[in-house]
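Since the structure comes first, as structure tokens, the remarks are kept for the end.
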Amino acid sequence: MPELPEVETVRRGLSSEIVGRTITGVVVRERRLRWPIAENFETRLVGKRIDAIERRSKYLLVRLVDDARRASTLLAHLGMTGSFVVHDERSASRTKPHDHVDLILDSGAIVRYNDPRRFGSMHVFDGPDSAQPLLAHLGPEPLTDALDGRYLFDQTRRRPGPIKQAIMDNHLVVGVGNIYANESLFRAGIHPNRAANRISKQRYDQLVHEIKAVLSEAINAGGSTLRDYVNASGEPGYFQLNYFVYGRDGEACRHCKSALKLARHGGRATVYCAKCQR
DNA sequence: ATATGAGCCTGTATGC
DNA sequence: TGCATACAGGCTCATA
């Protein structure tokens with residue numbers, strides 16, 4: 001499932017293919033994504049030039065301009081199973097199941113959105129990002145200075161709930177999905193059940209350090225398989241990473257060899273080492 | 001303000 | 001072999 005590093009990898013991969021290009025056609029085969037694709041979606045995209053592709057949280061923001069230099073944005077989320085793959089005319093001629101949207105560019109490239117579970121979304125909007133309901137209430141980006149130990153410490157003084165759920169709360173900080181929540185807590189030696197308001201400033205410094213480290217490492221790993229991801233296989237890059245805990249319940253802790261435990265937070269699997277994490 | 005659970009989906013893995 | 005069921009989980013919404 002695309003987490004922040006995968007979305008960033010997709011952004012970088014798409015950038016060279018689409019920035020500066022004009023959208024000459026849009027094909028929508030399935031409108032029922034997380035929210036239905038708006039009726040005027042195609043009209044609002046055709047003829048627009050792609051100025052930039054940015055990322056906010058796990059959203060991709062494709063910045064568009066029309067002939068009169070009016071700005072708009074294509075907002076896309078990959079959900080759990082979404083992917084963008086760049087095709088040429090020949091490879092695009094055969095569609096696969098769940099190929100829901102095509103953006104046809106003046107270069108001849110076809111940017112194809114595929115999403116089996118349809119948890120992803122696509123919107124076009126004008127005006128500032130802050131006016132977008134989906135973007136308005138997002139916490140800071142994890143890889144910027146806006147996230148530090150002081151911030152998390154200050155923001156969790158009235159949160160007696162488990163730290164795992166706190167760092168996965170998009171209002172607090174974005175981009176820490178289940179995989180990276182598990183991994184960063186293990187690396188910081190913090191028990192996922194520990195009350196967020198009972199963690200010291202020092203330990204938050206450590207946790208933030210690990211969050212930034214695991215995300216950065218995953219982006220770097222994704223970068224090495226960037227071409228494959230965007231152009232062909234649709235395989236995310238992070239599969240190469242060696243996880244400490246994620247998906248390893250029952251297996252031996254890589255540090256102390258005791259069996260990793262499985263718990264559940266808000267319906268999501270949590271794997272941790274009861275000995276290394278306190 | 002914070003926390004919890006339901007619901008959205010389909011591919012894959014497991015159980016009988 | 002085939003069918004049924006559980007699970008995966010980011011996100012929003014409704015409810016407590």
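Throughout, protein chains are lettered first and strands after them, A, B, ... in sequence-line order, and every chain is numbered starting at 1.
Applying the ring-ring contact (aromatic ring centres under 6.0 Å, His included) test to pairs two or more places apart or on separate chains, those with a residue in residues 56-82 of chain A are A/Tyr59-A/His77. For residues 33-42 of chain A, the set of pairs meeting the salt bridge (charged side-chain N to carboxylate O under 4.0 Å, His left out) definition, not counting sequence neighbours, comprises A/Arg31-A/Glu42. Applying the salt bridge (charged side-chain N to carboxylate O under 4.0 Å, His left out) test to pairs two or more places apart or on separate chains, none has a residue in residues 269-278 of chain A.
Taking atom CG on A/Asn197 and atom P on B/dA1, their separation rounds to 17 Å, with Å as the unit. To the nearest angstrom, C1' of B/dA1 lies 11 Å from NE2 of A/His171. Remark: P of C/dG10 and CD1 of A/Ile179 are 8 Å apart, rounded to the nearest angstrom. Note: CG (A/Asn182) to P (C/dA8) measures 11 Å, nearest angstrom. Summarising the geometry, the separation between CG on A/Leu75 and P on C/dT12 is reported as 11 Å, rounded to the nearest angstrom. Distance CZ (A/Arg268) to P (B/dT4): 12 Å, rounded to an integer number of Å. Between the P atom of C/dT12 and the CG atom of A/Asp169 lies a distance of 10 Å, rounded to the nearest Å. What separates CZ of A/Arg264 from C1' of C/dA6 is a distance of 10 Å, to the nearest Å.
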Review point. What string of B, S and - do you get for nucleotides 5-10 of chain B, 5' to 3', if B is base contact, S is sugar-phosphate-only contact and - is no contact with any protein heavy atom under 4.0 Å?
Key: --BBBB
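Note on A/Asp129 versus A/Arg63: salt bridge recorded, some NZ/NE/NH1/NH2 to OD/OE distance being below 4.0 Å. A/Lys201 and A/Asp154 are not joined by a salt bridge, as no carboxylate oxygen comes within less than 4.0 angstrom of a charged side-chain nitrogen.
Taking only side-chain nitrogens and oxygens, A/Tyr180 never comes nearer than 4.0 Å to OP1 or OP2 of C/dG10. The phosphate of C/dC11 (OP1 or OP2) has a side-chain N or O of A/Asn170 nearer than 4.0 angstrom. For the OP1/OP2 pair of C/dC11 and a distance below 4.0 Å, the side-chain nitrogens and oxygens of A/His77 include at least one atom meeting the criterion.
Side-chain proximity of A/Asn178 to C/dT12, C/dG10, C/dA8: nearest is C/dG10.
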Can you give each donor-acceptor pair under 3.5 Å made by side-chain atoms of residues 120-128 of chain A, sequence neighbours left out, with the distance rounded to 0.1 Å?
| residue | atom | partner | partner atom | Å |
| --- | --- | --- | --- | --- |
| A/Asp126 | OD2 | A/Arg44 | NH2 | 3.1 |

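Here the straight-line distance linking atom CD1 of A/Ile190 with atom CD1 of A/Ile163 works out to 6.5 Å at 0.5 Å rounding.
Near DNA chain B, defined here as any heavy-atom distance below 4.0 Å, the residues from residues 151-168 of chain A are A/Arg158, A/Arg159, A/Pro160, A/Gly161, A/Gln165, listed numerically.
In this model, a donor atom of one side chain and an acceptor atom of the other lie less than 3.5 Å apart for A/Gln206 and A/Glu210.
Taking 4.5 Å as the limit, some side-chain heavy atom of A/Tyr113 sits within range of a side-chain heavy atom of A/Leu78.
Take the nearest nucleotide of DNA chain C for A/Pro133 and for A/Leu262: the residue whose nucleotide is more 5' is A/Leu262.
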